[in-house]
*Asks:* 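I am attaching a structure below and will ask some questions about it afterwards.
Each residue takes its place number in the sequence, starting with 1. Only a predicted model underlies this, so the values are computations on that prediction, with no experimental measurement involved.
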Amino acid sequence: MTASESALTINVGDSRVSALYTRPERPFATVVLAHGAGAGMEHPFMGGFTRGLNDDGVATLRFNFPYREAGRKFPDRPPAAIATWRAVMDEAVRQAEEHADNGPIWAAGKSFGGRMASMAVAEGMDAAGLVYLGYPLHPPGKPEKLRDEHLYGLTLPMLFLQGSRDTFATRELLEGVVSRFGPSAVLQWIEGGDHSFAVAGRKRDAAEIGADLAPLVAEFIRTRS
């Protein structure tokens, strides 16, 4: 599916972040996508995932957090990350209105980006649903340090895509967290996948790995729209 692509700059308080808005003809939804802690929006995984969504008829808006924009290694603290999410979601709404797109606008993120999206929604940011591409439930090897408290007030549809070998989410613990939401949340395991969804013994580049996840997300959005 042919898609138009626009590079954007979005104001976040006194700073500015880069973003890339890609829109196929007559999209049925928009997904705003945040990167993980170790890589920015330009990472091949992000590009492959968004292109896969575009091919399925979903507009996408991926962006950098301020720390990445400034070339820093350590992620922004939650207040700054949440402020960025709010600003980018406002831009997604503006783009949808400008193009007369009436579909839902979802928030999605890889690891840190998804966690920050959920915290933003918990603090009042509007989104039709949330998609987590590897939710970082706890630091590797530290299952006692759960990052789940803010999740339990959320009632919107949520899709958790998680590699079965992901050291950031012990399987039993994540299944227990997701079960508390009832039918509003779905947990789908990618068997053999690690935190980057790479599967041992399968030679795929990051762009292909991201693209393979896109149909699962597009179908979930269709069923919940």
Side-chain angles (χ1 to χ4, degrees), residues 1-8 10 18-36 41-64 84-111 113-114 116-118 120-121 124-135 154-162 178 181-190 197 206-225:
M1 182 177 292
T2 304
S4 61
E5 190 170 87
S6 303
L8 305 174
I10 300 172
S18 300
L20 195 61
Y21 176 67
T22 310
R23 180 182 178 273
E25 235 181 292
R26 294 186 295 277
F28 72 88
T30 298
V31 168
V32 181
L33 178 66
H35 58 78
M41 71 171 187
E42 74 285 349
H43 191 274
F45 175 92
M46 301 284 285
F49 179 70
T50 53
R51 283 191 294 273
L53 287 177
N54 301 151
D55 288 344
D56 265 343
V58 179
T60 57
L61 178 58
R62 52 182 159 129
F63 65 96
N64 277 335
T84 305
W85 255 113
R86 287 181 178 276
V88 177
M89 286 295 280
D90 287 345
E91 177 63 23
V93 171
R94 193 187 72 79
Q95 290 290 338
E97 290 175 347
E98 182 177 304
H99 292 92
D101 295 334
N102 298 316
I105 300 177
W106 284 58
K110 178 75 182 75
S111 191
M116 292 300 106
S118 65
V121 171
M125 184 182 80
D126 191 31
L130 284 162
V131 175
Y132 306 105
L133 304 175
Y135 187 81
L154 304 180
T155 58
L156 72 175
M158 292 185 286
L159 174 63
F160 292 76
L161 291 179
Q162 203 83 21
V178 176
F181 298 109
S184 66
V186 170
L187 169 59
Q188 186 163 349
W189 292 102
I190 306 301
F197 296 97
E208 184 181 358
I209 292 171
D212 283 350
L213 298 178
L216 303 175
V217 174
E219 181 59 26
F220 186 80
I221 293 173
R222 282 193 183 94
T223 62
R224 301 302 176 106
S225 299

*Asks:* Considering non-hydrogen atoms only, spot the tightest contact between Leu161 and Phe197 and give its length.
*Replies:*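 The pair with the smallest heavy-atom distance is O-CZ, 3.4 Å.
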*Asks:* If I compare all heavy atoms of Ala34 with all of Met46, which pair ends up nearest, and what's the gap?
*Replies:* C-CE, 3.6 Å
*Asks:* Shortest non-hydrogen contact from Met125 to Ala107?
*Replies:* CE-CB, 4.3 Å
*Asks:* Please verify the inter-ring angle class for Tyr21 with His99; under 30° counts as parallel, over 60° as perpendicular, anything in between as tilted.
*Replies:* tilted
*Asks:* Where do Asp101 and Pro27 come nearest, in terms of heavy atoms and distance?
*Replies:*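 Taking Asp101 first and Pro27 second, the nearest heavy atoms are OD2-CG, 3.5 Å.
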*Asks:* Looking at every non-hydrogen atom in both residues, tell me the closest pair between His43 and Ala206 and how far apart they are.
*Replies:*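 Minimum heavy-atom contact is CE1-CB, 3.8 Å.
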*Asks:* Enter the distance from Ile10:CD1 to Met89:CE here, rounded to the nearest 0.5 Å.
*Replies:* 11.5 Å
*Asks:* Indicate yes or no: at least one non-hydrogen side-chain atom of Phe49 is less than 4.5 angstrom from one of Thr60.
*Replies:* no
*Asks:* Start with the C-alpha distance between Leu61 and Leu8, add both sets of side-chain angles, then the distance that settles side-chain contact (heavy atoms from CB on, under 4.5 Å), and finish with yes or no.
*Replies:* CA-CA 9 Å; Leu61 178 58; Leu8 305 174; 3.9 Å; yes
*Asks:* Salt bridge check: are Glu97 and Arg94 linked by an N-O gap of less than 4.0 Å?
*Replies:* no
*Asks:* Please confirm whether the backbone N or O of Tyr135 pairs with a side-chain atom of Gln162, one donor and one acceptor, at under 3.5 Å?
*Replies:*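 Flag set: sc Gln162 to bb Tyr135 pair under 3.5 Å.
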*Asks:* Quick one: CG on Leu20 to OG on Ser6, what's the gap to the nearest 0.5 Å?
*Replies:*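 Result: 8.0 Å between the selected atoms.
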*Asks:* Would you say Thr30 and Gln95 make side-chain contact, with heavy atoms under 4.5 Å?
*Replies:*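 No, side chains not in contact.
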*Asks:* Can you tell me how far apart CZ (Arg62) and NZ (Lys110) are? Round to the nearest 0.5 Å.
*Replies:* 15.5 Å
*Asks:* If you round to the nearest 0.5 Å, how far is CD of Glu91 from CD of Glu98?
*Replies:*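 Rounded to the nearest 0.5 Å, the CD-CD separation comes out at 8.5 Å.
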*Asks:* Judged by atom type as modelled, is there a donor-acceptor pair below 3.5 Å linking the side chain of Trp85 to the main-chain atoms of Val121?
*Replies:* no
*Asks:* Does any part of the side chain of Asp56, heavy atoms only, come nearer than 4.5 Å to the side chain of Pro215, both counted from C-beta?
*Replies:* yes
*Asks:* Sequence neighbours excluded, which residues qualify as ring-ring contact (aromatic ring centres under 6.0 Å, His included) partners of Phe28?
*Replies:* none
*Asks:* What pair of heavy atoms forms the shortest contact from Ile105 to Ala96, and how long is it?
*Replies:* CD1-CB, 4.2 Å
*Asks:* Could you check whether any side-chain heavy atom of Leu154 comes within less than 4.5 Å of a side-chain heavy atom of Leu130, counting everything from C-beta outward?
*Replies:*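 Of all side-chain heavy-atom pairs linking Leu130 with Leu154, at least one is under 4.5 Å.
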*Asks:* Just by modelled atom types, is the Met41 backbone N or O under 3.5 Å from a matching donor or acceptor in the Asn64 side chain?
*Replies:*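 Judged by distance alone, yes, a pair lies under 3.5 Å.
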*Asks:* Considering only residues two or more places apart or on different chains, which pairs with a residue in residues 212-225 satisfy side-chain hydrogen bond (donor to acceptor under 3.5 Å, both in side chains)?
*Replies:*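 Every pair satisfying side-chain hydrogen bond (donor to acceptor under 3.5 Å, both in side chains) with a residue in residues 212-225: Arg204-Asp212.
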*Asks:* Applying side-chain contact (heavy atoms from CB on, under 4.5 Å), run through Trp106 and Val217 and close with a yes or a no.
*Replies:* CA-CA 10 Å; Trp106 284 58; Val217 174; over 6 Å; no
*Asks:* Given side chains that start at C-beta, do those of Leu213 and Ile190 come closer than 4.5 Å, heavy atoms only?
*Replies:* yes
*Asks:* In Å and rounded to the nearest 0.5 Å, what is the CG to CD1 distance from Leu216 to Ile221?
*Replies:* 11.0 Å
*Asks:* Using the rule side chain to side chain contact (heavy atoms under 4.5 Å, CB included), only one of Val58, Thr22, Leu33 pairs with Thr50; which is it?
*Replies:*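 Of the listed residues Val58, Thr22, Leu33, the side chain to side chain contact (heavy atoms under 4.5 Å, CB included) partner of Thr50 is Leu33.
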